[in-house]
Amino acid sequence: MTRYKLRIACPGGRIETVINDPGVRRRGLALIAHPHPLHGGSMDNKVVLTMARTLLELGYVAVRPNFRGVGMSEGDHDHGQGEVEDMLAIAEFVRGRYPALPLQLAGFSFGAYVQTQVGRVLDSSKVVLVGPAVNMFDFGAAPAHAHVIHGAQDELVPLAPVRDWADAHGLGVTVVPGADHFFHGKLTQLKHIVTELCRN
């Protein structure tokens with residue numbers, strides 16, 4: 001298992017990215033997007049880390065960028081448009097280094113918005129959307145193979161509009177009882193759900 005930290009040239013400048021590679025066990029690429037950068041979101045968010053560690057254990061190369069203006073990433077927040085462009089550039093970069101591996105997308109909150117847009121451009125085997133902030137951003141249509149994980153007690157993104165959006169696009173929804181937006185005390189449950197969704 002190897003960990004790389006690098007800055008990848010993207011439309012918004014050089015984007016700080018951590019890549020965790022499981023080595024000979026690798027079976028896919030997982031590109032993981034973090035929550036809103038203007039509200040403390042980063043690649044080290046605990047929900048993002050939980051997803052990355054879970055996917056790494058399953059044999060995925062886990063790729064976690066910091067959006068524009070976060071950590072050592074250059075550029076300024078671009079309300080989703082530029083962040084989607086950067087994600088596409090990062091996907092191209094990692095696919096060039098792991099050309100035979102299928103791509104999977106995962107995102108949390110604002111990151112779920114970004115990955116919904118990315119998933120309409122790139123072919124991916126799966127799209128995992130955790131706490132998608134559908135009440136804050138115009139998500140539009142989602143990839144047909146996307147799946148939503150949401151906290152029953154989410155105080156920032158109520159469950160009802162998430163269910164409405166998911167139902168409108170035929171998406172499965174897994175609700176975590178008692179979980180708030182940041183899954184305080186519920187990360188073990190989140191890990192189990194991601195494992196079941198992504199093990200095949």
- For the pair L122 and L103, evaluate side-chain contact (heavy atoms from CB on, under 4.5 Å) and give the outcome as yes or no after the intermediate values. CA-CA 9 Å; L122 297 181; L103 178 68; 3.7 Å; yes
- Task: Could you please spell out the steps behind the ring pair (Phe, Tyr, Trp, His ring centres under 6.0 Å) verdict for H79 and Y113?
- Result: CA-CA 10 Å; H79 308 285; Y113 167 73; over 10 Å; no
- Task: May I have the step-by-step check of side-chain contact (heavy atoms from CB on, under 4.5 Å) for H150 and L159, ending in yes or no?
- Result: CA-CA 7 Å; H150 207 79; L159 179 58; 3.8 Å; yes
- Message: Quick one, L31 with Q104, criterion side-chain contact (heavy atoms from CB on, under 4.5 Å). Give me CA distance, side-chain angles, the key distance, then yes/no.
- Response: CA-CA 6 Å; L31 185 59; Q104 178 166 303; over 6 Å; no
- Item | M1/L56 under side-chain contact (heavy atoms from CB on, under 4.5 Å): CA gap, chis, key distance, verdict | CA-CA 9 Å; M1 194 176 297; L56 181 65; 3.5 Å; yes
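Around CZ of R53, the count of heavy atoms belonging to other residues, nucleotides or ligands within 6.0 Å does not exceed 12. For M72, the CE atom sits in a loose shell: 12 or fewer heavy atoms of surrounding residues, nucleotides or ligands are nearer than 6.0 Å. The environment of CG in D167 is crowded: more than 12 heavy-atom neighbours from other residues, nucleotides or ligands sit within 6.0 Å. Few gaps surround CG on D164; more than 12 heavy atoms of other groups in view lie less than 6.0 Å from it.
A pairwise comparison of heavy atoms in V70 and G41 identifies CG1-O, 3.7 Å as the closest pair. Closest heavy-atom contact between E57 and R25: O-NH1, 3.2 Å. A pairwise comparison of heavy atoms in R27 and L58 identifies CD-O, 2.9 Å as the closest pair. Contact between A62 and A52 at its shortest, heavy atoms only, is CB-O, 3.7 Å. Here the closest non-hydrogen pair linking M87 and P65 is CE-CG, 3.5 Å. Taking all atoms of both residues into account, the shortest heavy-atom contact from A144 to L171 is O-CD2, 4.1 Å.
Residues E16 and K5 form a side-chain contact, since some pair of their non-hydrogen atoms from C-beta on lies under 4.5 Å apart. Between M51 and T54 there is no side-chain heavy-atom pair separated by less than 4.5 Å. Using a 4.5 Å heavy-atom threshold, the side chains of L6 and I8 count as touching. Contact check for V128 versus C198: side-chain heavy atoms found under the 4.5 Å cut-off. Taking the side chain as every heavy atom from C-beta outward, L190 and V176 never approach each other to under 4.5 Å. Contact of the V18 side chain with the R3 side chain is registered, since non-hydrogen atoms from C-beta on lie closer than 4.5 Å.
F183 and M136 fall within the same hydrophobic cluster, where Ile, Leu, Val, Met, Phe, Trp and Tyr residues are linked whenever their side-chain heavy atoms come under 4.5 Å apart, directly or through other members. Both V134 and I149 belong to a single network of hydrophobic side chains, linked directly or stepwise wherever heavy atoms of I, L, V, M, F, W or Y lie under 4.5 Å apart. Under the 4.5 Å side-chain contact rule for hydrophobic residues, Y4 and M43 do not share a cluster. By the criterion of side-chain heavy atoms lying less than 4.5 angstrom apart, applied directly or through intervening Ile, Leu, Val, Met, Phe, Trp or Tyr residues, F139 is grouped together with V148 in one hydrophobic cluster.
Checked against the 6.0 Å centroid criterion, the rings of H34 and F67 qualify as a close aromatic pair. For H77 and F110, the gap between ring centers is short of 6.0 Å.
Listed for the N20 side chain is no donor-acceptor partner under 3.5 Å among the backbone atoms of Y60. Using a distance-only test at 3.5 Å, with no hydrogens or angles considered, no donor-acceptor pair links the side chain of N66 to the main chain of S73. In this structure, D180 contributes its side chain and F182 its backbone to a donor-acceptor pair below 3.5 Å. No donor-acceptor pair closer than 3.5 Å links the side chain of R64 to the backbone N or O of I32. In this structure a side-chain-to-backbone donor-acceptor pair under 3.5 Å is missing from S124 to L105. Looking only at distances, a side-chain donor or acceptor of T17 sits under 3.5 Å from a matching main-chain atom of I15. Checking side-chain atoms of W165 against main-chain N and O of N135 turns up no donor-acceptor pair under 3.5 Å. Under the 3.5 Å distance criterion, the side-chain polar atoms of Q115 are left unmatched by any main-chain donor or acceptor of L129.
For the atom pair D44 CG and K46 NZ, the distance stands at 13.5 Å (nearest 0.5 Å). In this structure, NE2 in H184 is found 13.5 Å from CD in Q153, a value given to the nearest 0.5 Å. In this structure, CD on E196 lies 9.0 Å from NE2 on H192, to the nearest 0.5 angstrom.
A donor atom on one side chain and an acceptor atom on the other are not found under 3.5 Å apart for H36 and S109. For the residue pair S125 and H145, no side-chain donor N or O sits within less than 3.5 Å of a side-chain acceptor on the partner.
Note on R14 versus E74: salt bridge recorded, some NZ/NE/NH1/NH2 to OD/OE distance being below 4.0 Å.
In the hydrophobic clustering, L49 connects to no other residue, as no ILVMFWY side-chain heavy atoms lie under 4.5 Å from its own.
In this view, V84 and L88, V114, Q117, V118 satisfy the side chain to side chain contact (heavy atoms under 4.5 Å, CB included) rule, not counting sequence neighbours.
Just one of L101, T2, L55 meets the side chain to side chain contact (heavy atoms under 4.5 Å, CB included) condition when paired with V61; it is L101.
Residues in residues 86-100 take part in these side chain to side chain donor-acceptor pair (under 3.5 Å) pairs, two or more places apart or across chains: D21-Y98, R68-D86.
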